Amino acid sequence: MQSNLPLQGKTIILTGTSKTSTIIEDITTLGGRAIVTPLIETCELIDQNDEVQLEYARQFNWLIFTSQNAVDAFASKVKRFNLNAQHFQGKIASIGTKTTEALEKLGFSVSFMPTIFSADVFVKEFPSVAGANPSCLFIRGEKAKKTLKDGLPFELKEWTIYETLERHDHKQIIINCIRENKDVTVIFASPSAVDVYALDVASIVGWEAVRVAAIGHITEAAITNHGAKVDVKPSVYTMQAVLEELMKVEEQRT
């Protein structure tokens with residue numbers, strides 16, 4: 001019966017932050033083996049003006065979060081100054097189910113989430129619900145692109161509260177895993193992880209050595225910019241959707 005599991009004999013390498021480890025149990029249940037080797041990590045940026053900035057944030061009509069990492073850093077600051085969701089009167093806009101779940105755990109109610117979890121879809125859909133001349137604060141990481149800033153038809157204030165750091169310590173683990181296993185899929189959830197992999201791993205073993213999975217068209221574009229082919233690209237931008245799409249790909253191969 002075990003041999004009928006959809007991911008039996010497959011090795012899945014997770015390259016995002018440690019939060020991606022939440023799908024390890026799902027991969028194992030499906031018969032696969034999960035290897036967690038984060039190629040990036042995030043770190044909250046702490047500033048002496050954080051308390052003032054939090055007071056400033058309370059004045060906005062909308063707070064915008066596009067990643068769970070932003071929520072985590074924001075939660076740390078809120079807790080540090082003994083605040084909670086009730087202290088913020090503005091509405092919340094979120095991209096992605098994990099981001100939304102993290103906000104709800106803080107006690108926030110999310111009023112808007114785009115139909116596709118990407119910044120370019122956000123700028124198309126958000127203005128119709130934001131109201132006339134809304135005051136909006138984008139709570140972001142230092143590597144966030146200018147898609148929201150340039151794409152929204154009104155002024156957008158920004159607060160950078162975390163940074164993304166590259167991790168090169170898993171390089172040899174990934175290389176060895178690819179060389180020792182015949183059927184390996186590498187999952188990418190951000191362009192930053194793609195860039196580290198291209199430098200540390202693909203430069204040695206090549207992209208062809210693995211099946212490549214991408215969450216989101218921005219990450220997919222980063223992969224193709226490195227000259228690689230994306231084999232698994234779900235229409236819904238979640239880890240669970242990646243696994244479902246991967247199983248479909250496996251079915252087509254057998």
Side-chain angles (χ1 to χ4, degrees), residues 14-22 36-60 62-85 87-88 90 92-108 110 112-114 117-120 122-123 126 136-152 156-170 187-197 215-216 218-219 222 237-239:
L14 305 170
T15 63
T17 62
S18 57
K19 297 181 184 66
T20 59
S21 62
T22 56
V36 182
T37 53
L39 297 180
I40 57 173
E41 64 181 358
T42 59
C43 179
E44 178 194 355
L45 293 172
I46 298 176
D47 188 273
Q48 61 181 357
N49 293 319
D50 276 349
E51 188 171 14
V52 174
Q53 189 64 47
L54 280 169
E55 182 61 33
Y56 179 59
R58 294 172 61 186
Q59 302 172 20
F60 283 84
W62 287 90
L63 299 181
I64 301 172
F65 297 84
T66 61
S67 74
Q68 186 179 349
N69 296 319
V71 178
D72 290 345
F74 183 73
S76 178
K77 295 181 188 303
V78 166
K79 182 178 180 181
R80 190 176 305 123
F81 294 102
N82 298 312
L83 298 175
N84 57 50
H87 290 102
F88 297 85
I92 305 295
S94 168
I95 294 183
T97 53
K98 292 298 182 183
T99 305
T100 296
E101 288 171 5
L103 285 162
E104 290 174 344
K105 285 181 180 178
L106 283 179
F108 288 97
V110 173
F112 173 78
M113 186 168 61
F117 305 151
S118 68
D120 51 354
F122 184 96
V123 300
F126 181 60
C136 300
L137 180 64
F138 175 26
I139 299 176
R140 49 165 280 176
E142 100 289 5
K143 288 191 175 182
K145 297 184 182 300
K146 295 183 179 181
T147 307
L148 267 61
K149 185 78 171 177
D150 294 344
L152 290 171
L156 179 69
K157 297 294 186 181
E158 298 179 307
W159 182 17
T160 302
I161 64 172
Y162 76 91
E163 62 181 336
T164 301
L165 307 175
E166 295 182 353
R167 291 189 59 171
H168 300 275
D169 53 316
H170 290 129
I187 299 178
F188 297 97
S190 74
S192 299
V194 172
D195 291 342
V196 176
Y197 183 91
I215 297 181
I218 302 300
T219 301
Y237 299 169
T238 65
M239 278 288 183

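Bear in mind that the values here come from a model prediction, so they are computed numbers and not experimental data.
The side-chain heavy atoms of T66 and T99, taken from C-beta on, include no pair separated by under 4.5 Å. Contact annotation: the side chain of I40 approaches that of S190 to within less than 4.5 Å [non-hydrogen atoms, C-beta and beyond]. By the 4.5 Å heavy-atom criterion applied to side chains, F188 and V196 are not counted as neighbours. Residues I46 and R80 are in side-chain contact: their nearest non-hydrogen atoms beyond the backbone lie under 4.5 Å apart. At least one side-chain heavy atom of H170 sits less than 4.5 Å from a side-chain heavy atom of P38. Residues T238 and K98 have side chains not in contact (no heavy-atom distance under 4.5 Å, counting atoms from C-beta outward).
When all heavy atoms are compared, the tightest approach of V71 to A102 is CG1-CB, 3.6 Å. Nearest heavy-atom pair across T97 and M113 is N-SD, 4.2 Å. Across every non-hydrogen atom of T164 and K143, the tightest pair is O-CE, 3.9 Å. Closest heavy-atom contact between E44 and S76: OE1-OG, 2.8 Å. Scanning both residues, S67 and Y162, for their nearest heavy atoms gives OG-OH, 3.1 Å. The two residues P191 and T219 make their nearest non-hydrogen contact at CD-OG1, 3.8 Å.
R58 contributes a side-chain N or O that, together with a main-chain N or O of H87, makes up a donor-acceptor pair within less than 3.5 Å. A donor-acceptor contact shorter than 3.5 Å links the side chain of K77 to the backbone of L45. Judged by distance alone, with hydrogens and angles left aside, the side-chain atoms of T160 form no donor-acceptor pair with the main-chain N or O of R140 at under 3.5 Å.
In this structure, T42 OG1 and I161 CD1 are separated by 10.0 Å, a value rounded to the nearest 0.5 Å. Rounded to the nearest 0.5 angstrom, L39 CG and L165 CG are separated by 13.0 Å. Of the inter-residue distances, the one linking I139 atom CD1 with E158 atom CD reads 11.5 Å to the nearest 0.5 angstrom. Here CD1 of I95 is found 12.0 Å from CZ of F65. Values are rounded to the nearest 0.5 Å.
The aromatic rings of F74 and F108 sit tilted relative to each other, their planes meeting at an angle between 30° and 60°. Taking the six-membered ring where tryptophan is involved, the planes of F112 and F126 are tilted, since the angle between them lies from 30° to 60°.
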Q.
Checking Q53 against D47 for the side-chain contact (heavy atoms from CB on, under 4.5 Å) test, could you report, in this order, the C-alpha distance in whole Å, the side-chain angles of both residues, the deciding distance, and whether it holds?
A. CA-CA 9 Å; Q53 189 64 47; D47 188 273; over 6 Å; no
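Ring centroids of F60 and F88 are separated by 6.0 Å or more, keeping the two rings apart.
Under the side-chain contact (heavy atoms from CB on, under 4.5 Å) test applied with L137, the options L156, L63, I64 reduce to a single match, L63.
A donor-acceptor contact closer than 3.5 angstrom links the side chains of T100 and S94.
Within 6.0 Å of the CD atom in E51, the count of heavy atoms belonging to other residues, nucleotides or ligands does not exceed 12.
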